[in-house]
Enquirer: 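This structure is in structure tokens; I'll ask about it shortly.
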Amino acid sequence: ELPASRPEFASEFVGTSYAQPQLQTHRCQRRLGHPHRDHTRVATCHRFGALLMKASKGFTLIEVLVASAILALMALISWRGLDGMFKTQSALQKRGDATQTLQMGLAQWRVDLDNIMILQGTPALDWDGRVLRITRQHSQDPKAGVQVVAWTLGNGQWTRWQSEPLMQNDEWTQAWRQAQTWALTAGNVSGNTAQEVLIHPVRAWQIYYHRDGAWSNPLSSAVNLPEGVRLVLELTDTPEFQGKLTLDWVRPTFTAVKQ
């Protein structure tokens with residue numbers, strides 16, 4: 001057994017106490033600095049704190065009014081920009097629709113003339129100064145008979161009318177006369193609106209026939225089918241279109257004679 005004894009410590013630690021370390025005197029003086037400088041720093045800190053406290057209170061009434069005015073101005077500018085874009089898109093859409101409708105009408109004009117049907121004892125093409133009447137093949141089935149097609153200007157609209165398929169001469173005569181009567185009320189609400197199509201607003205129109213190498217008045221007496229037909233449309237002034245439009249059609253069986 002070990003003898004009971006008290007532990008011994010080194011002499012250099014004996015009698016020493018656990019005192020807190022202290023700063024040296026010259027360091028403390030250096031940290032304190034000059035009294036006048038310390039007072040200035042304290043005053044600066046107080047002013048900075050006062051500014052922070054003032055800023056934390058919120059915006060003043062003038063600042064809120066200025067911010068509201070700026071936001072209102074930005075909203076107004078944005079609204080005008082969106083409104084301008086919407087108007088431009090709407091105008092382009094209307095122009096596109098009007099262009100498509102006019103192109104379809106001109107294409108139908110060519111198709112009617114390309115399908116002219118020459119029958120014995122019946123005129124294939126006739127212009128009386130108001131309406132152009134055409135005898136043509138049926139648009140879908142050539143065996144279904146013929147149709148009478150009429151083009152005229154009625155109520156400020158370039159308008160097309162077509163009859164039902166015809167198989168008998170009496171039916172053709174009735175439809176031919178009906179087309180001439182229809183031209184008097186074209187473009188208005190009538191009993192023939194189911195067979196009537198409004199193409200495009202037109203102020204005036206004119207037809208010319210090409211015969212013997214020159215364009216002439218279609219009202220002049222002639223028996224044979226013209227070599228070509230010229231269509232002149234004076235369009236109504238609209239935001240989409242204005243001015244004159246000229247379209248020439250040449251008979252598919254026409255052959256120019258070389259001189």
Side-chain angles (χ1 to χ4, degrees), residues 102-155 157-187 192 195-200 202-235 244-257:
L102 183 58
Q103 289 178 346
M104 292 177 62
L106 295 175
Q108 185 62 57
W109 170 270
R110 287 182 174 273
V111 170
D112 289 342
L113 293 174
D114 287 339
N115 290 274
I116 288 179
M117 195 76 173
I118 302 176
L119 302 175
Q120 185 177 2
T122 60
L125 186 67
D126 180 76
W127 165 257
D128 62 0
R130 177 188 294 271
V131 57
L132 181 72
R133 291 176 292 178
I134 304 171
T135 302
R136 57 156 294 174
Q137 282 184 332
H138 191 269
S139 58
Q140 298 179 355
D141 186 6
K143 297 181 180 181
V146 298
Q147 289 178 294
V148 174
V149 176
W151 292 82
T152 191
L153 174 61
N155 197 24
Q157 294 282 339
W158 190 38
T159 313
R160 179 183 182 271
W161 177 89
Q162 69 177 15
S163 68
E164 298 293 335
L166 309 171
M167 298 294 294
Q168 303 294 330
N169 289 335
D170 295 340
E171 296 176 349
W172 176 90
T173 302
Q174 183 179 359
W176 192 260
R177 293 175 181 174
Q178 186 179 1
Q180 189 174 24
T181 304
W182 160 83
L184 300 175
T185 59
N192 295 331
Q195 301 168 315
E196 179 182 2
V197 178
L198 304 180
I199 305 299
H200 194 273
V202 173
R203 181 182 301 173
W205 76 316
Q206 185 60 46
I207 299 295
Y208 298 94
Y209 287 171
H210 191 275
R211 296 191 182 99
D212 300 329
W215 294 102
S216 61
N217 188 351
L219 295 177
S220 59
S221 59
V223 179
N224 297 329
L225 194 66
E227 302 161 355
V229 177
R230 171 169 289 180
L231 170 67
V232 180
L233 297 177
E234 186 177 350
L235 303 177
K244 289 186 177 181
L245 187 149
T246 302
L247 178 64
D248 291 339
W249 170 83
V250 180
R251 194 178 69 212
T253 58
F254 170 71
T255 303
V257 180

Enquirer: Quick check for you: to the nearest 0.5 Å, what is the distance between K244 atom NZ and R203 atom CZ?
Expert: 10.0 Å
Enquirer: So, for A179 and W161, which heavy atoms are closest and what is the spacing to 0.1 Å?
Expert: CB-CZ3, 3.5 Å
Enquirer: Any side-chain heavy atom of Y209 within less than 4.5 Å of one from V229?
Expert: yes
Enquirer: Can you tell me how the ring of W205 sits relative to the ring of W127, calling it parallel under 30°, perpendicular over 60° and tilted otherwise?
Expert: perpendicular
Enquirer: Check A204 against L153 and note the closest heavy-atom contact, atom names and distance.
Expert: CA-CD2, 3.8 Å
Enquirer: If I take atom CH2 from residue W249 and atom CD from residue E227, how far apart are they, to the nearest 0.5 angstrom?
Expert: 10.5 Å
Enquirer: Taking all non-hydrogen atoms of both residues into account, name the closest pair between R136 and D112 and its distance.
Expert: NH1-OD1, 2.6 Å
Enquirer: Any side-chain heavy atom of Q195 sitting closer than 4.5 Å to one from E164?
Expert: yes
Enquirer: Once you round to the nearest 0.5 Å, how far does CD of E234 lie from CG of L245?
Expert: 11.5 Å
Enquirer: With side chain to side chain contact (heavy atoms under 4.5 Å, CB included) as the test, pick out the partner of I134 among I116, V148, N115.
Expert: I116
Enquirer: Does the Q147 side chain pair with the main chain of S163, one donor and one acceptor, at a distance under 3.5 Å?
Expert: yes
Enquirer: Heavy atoms, side chains only, cut-off 4.5 Å: are W176 and L166 in contact?
Expert: no
Enquirer: With a 3.5 Å cut-off and sequence neighbours excluded, list the donor-acceptor pairs that the side chains of residues 117-126 form with protein atoms.
Expert:
residue, atom, partner, partner atom, Å
T122, OG1, L119, O, 3.3
D126, OD2, R133, NH2, 2.9

Enquirer: Using 0.5 Å steps for rounding, measure from the CG atom of N217 to the CD1 atom of I207.
Expert: 11.0 Å
Enquirer: Quick check on D128: does its CG atom have over 12 non-hydrogen neighbours (other residues, nucleotides or ligands) under 6.0 Å away?
Expert: yes
Enquirer: For P165 versus E171, what's the shortest heavy-atom pair and its separation?
Expert: O-OE1, 4.4 Å
Enquirer: Between W182 and T152, does the side chain to side chain contact (heavy atoms under 4.5 Å, CB included) criterion hold? Intermediate values first, please.
Expert: CA-CA 9 Å; W182 160 83; T152 191; 3.3 Å; yes
Enquirer: Please give me the minimum heavy-atom distance between G105 and I199, naming the atom from each residue.
Expert: CA-CG2, 3.7 Å
Enquirer: Under 3.5 Å, is there a donor on one side chain and an acceptor on the other for D170 and Q174?
Expert: no
Enquirer: For M167 and A144, work out which heavy atoms get closest and say how close.
Expert: SD-O, 3.0 Å
Enquirer: So, taking the atom named OG1 in T181 and the one named CZ in R177, what distance separates them when rounded to the nearest 0.5 Å?
Expert: 9.5 Å
Enquirer: Should Q162 and V197 count as side-chain neighbours, where that means a heavy-atom distance under 4.5 Å?
Expert: no
Enquirer: Got L231 and W151 here, is their nearest side-chain heavy-atom distance under 4.5 Å?
Expert: no
Enquirer: Checking N155 side chain against Q157 main chain: does a donor-acceptor pair fall under 3.5 Å?
Expert: no
